[in-house]
Amino acid sequence: MNRRNRNTNRLITAGVLVLVAAAALFIGQRSGLLNPVVSAVSAPLAPLARLFNTGANAVEPGSTEPGVDYDALLEENLDLQRTIADLQVELVRLQEIERAYERVSAIANYNSDNLDLEVVSADVIARDTSGYLRWVGINRGTRDGIQVGDAVIGGAEGSGFVGVVGRVSATTAWVRLVIDPDTALNALVQESRAEGTVLGQIRGGLIMDFIPQEFTVEVGDTVITSGLGGSLPAGLVIGEVQSVQRQEAELFQQAAIRPMVDFDQLEIVAVVTSFQPVDTTIFDEALEEEGAEDAP
Amino acid sequence: MSLQLGIPLFIGAVLLQSTILPRMRLLGGQPDLVLLVVFAWAMLDREQEGVVWAFVGGFLLDIFSGVPLGVSALALVPVTLVVSLAEPKVFRESVLPPLLLTAVGAAGYHLLVLLLLRFYAGFPIEWESALLFVTLPSILLDVLLILPVLRLLVKPYDRLHPRVLGLR
């Protein structure tokens, strides 16, 4: 085959493959038709990914001392991490309950929906390969009751808010981390009750923006999910205030947040499966109807 | 590339890229191992296997990633086509062409991924940060690693594609 024919064949092959990829992108974005394919491929690979990830954890500095039963230590360490996580979840919950109780005496019918969280624990098995997103893959899926939109907590330090389930197949799920640039969630400074929006940054940090000027926000304050919007449980710890940018001329102040979770060391997470997000689409439909009525 | 070699090779590359390499980020970027294997094979390739493996590798990458299914394959196939158009002999005999083509190809791939993420999938992209802290370091790492990957794949390629010498 001469070079010209060879290049023509390559061009045709590439054209066909580009069309197939574009069709997959189109179909995948608009429907769940390709989910079975993703499940079929990812299900047998998930244990392998877990193995690779465990290997990566094992070669972390300081993990290879001679004469130490590393597996037993790892297991013990994971148990302790789970216990600490449970206790810190409990602590934050109790703090929130205390604050809620103070307010509930004045507000009739106060109802905190997020006090009893049912969770499914999962191992982190993979991380996003693109470099532009901050997502992690976990070894639980729809078979374990996980759904898109479920909140995920965990981290070595305890009950940190990890992110939200963004994609799910039968046996695996992908979690959009709170530090992902696509993140924008309603948050609350626990001490001052100042509300704002937490935004992920591509370099891995977090910014809390749109904090009203009248609130005093201090370094070390704890930032938690506010529950506003109804898509996430309230009271999940996002992180602590690292620095505050406040300018009198501005309407809002801004704070840099240090996430509670060390996302590079994230190994185990817990997916909150009991929380039922509020369906806000009815408002969208109502607005659309209003818009249609107003239209000439 | 035979399926017996290709499938395990790409699965291994994807698993490495999604488990171990994210822990080795340099200035925010990480090497694109699948892209490197695809490019190296396309540089050696006298047939049209490079683009086919670009498609397979891209799909596997998307399954092990947060990006929508199809994005990596859609970005990887055209840039691999460009890489594979050059004469394979060039890449075996000198150092500069693989480095240059990897830089151009990796830049094209990252740009296509960014454009698809931003304008098709609707992900918010901070262009300055993305280009400076992810794209550039990743391209640099890809350029640094292409020669070792190319060297590693020369023998398997030659074994799978023995040259037939005709008698006159």
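In the text below, chain A, chain B and the rest are named by the order of the sequence lines, each starting its count at 1.
A distance of 10.0 Å separates CG of Asp182(A) from CG of Leu117(B), quoted to the nearest 0.5 Å. Taken to the nearest 0.5 Å, the CG atom of Leu61(B) stands 9.5 Å off from the OG atom of Ser130(A). Expressed to the nearest 0.5 Å, how far CD1 of Ile125(A) lies from CG of Leu15(B) amounts to 9.0 Å.
Neither the backbone nor the side chain of Leu33(B) comes within contact range of chain A; no heavy atoms are under 4.5 Å apart. Of the two parts of Ile11(B), only the side chain, counted from C-beta on, holds a non-hydrogen atom closer than 4.5 Å to a non-hydrogen atom of chain A. Residue Arg176(A) does not touch chain B at all, counting heavy-atom pairs closer than 4.5 Å. For chain A, no part of Thr80(B) is nearby; none of its heavy atoms comes within less than 4.5 Å. Within the 4.5 angstrom heavy-atom criterion, no atom of Ala75(B) approaches chain A. Both the backbone and the side chain of Val52(B) come within less than 4.5 Å of a heavy atom in chain A. Using a 4.5 Å cut-off between heavy atoms, Gln17(B) contacts chain A through both its backbone and its side chain. For a residue to count as touching a neighbouring chain, one of its non-hydrogen atoms must lie under 4.5 Å from one of that chain's; by this rule Leu76(B) does not touch chain A. Looking at Tyr120(B), both its backbone and its side chain come within 4.5 Å of chain A, counting heavy atoms on both sides.
For the set Gly50(B), Ala54(B), Pro68(B), the count of heavy-atom pairs under 4.5 angstrom toward chain A peaks at Pro68(B). If you tally non-hydrogen atom pairs under 4.5 Å between each of Leu21(B), Leu114(B), Asp62(B) and chain A, the highest count goes to Leu114(B). For the set Val20(A), Val38(A), Leu45(A), Ile27(A), the count of heavy-atom pairs under 4.5 angstrom toward chain B peaks at Leu45(A). With respect to chain B, the highest number of heavy-atom pairs below 4.5 Å among Gly28(A), Ala24(A), Ala14(A), Gly15(A) belongs to Ala14(A).
Inter-residue side-chain proximity for Phe64(B) and Arg127(A) is flagged as unmet; no heavy-atom pair is nearer than 4.5 Å. For the pair Val18(A) and Phe55(B), the minimum side-chain heavy-atom distance is 4.5 Å or more. Taking 4.5 Å as the limit, some side-chain heavy atom of Leu116(B) sits within range of a side-chain heavy atom of Leu25(A). Taking the side chain as every heavy atom from C-beta outward, Ser84(B) and Arg10(A) approach each other to under 4.5 Å.
Within a 6.0 Å sphere centred on CD of Gln245(A), other residues, nucleotides and ligands contribute 12 heavy atoms or fewer.
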Side-chain atoms of residues 123-134 of chain B: list all donor-acceptor pairs with protein atoms under 3.5 Å, sequence neighbours left out, distances to 0.1 Å.
unit_1: Glu126(B); atom_1: OE1; unit_2: Ser129(B); atom_2: OG; d: 3.4

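Here the side chain of Arg167(A) pairs a donor or acceptor atom with the backbone of Val67(B) at under 3.5 angstrom.
Ser42(A) approaches Ile63(B) most closely through the heavy-atom pair CB-CG2, 3.8 Å. For the residue pair Ser65(B) and Asp128(A), the shortest heavy atom distance occurs at OG-OD1, 2.6 Å. Nearest heavy atoms, Val51(B) versus Leu17(A): O-CD1, 3.4 Å. The shortest heavy-atom contact between Gly66(B) and Leu133(A) is C-CD1, 3.7 Å.
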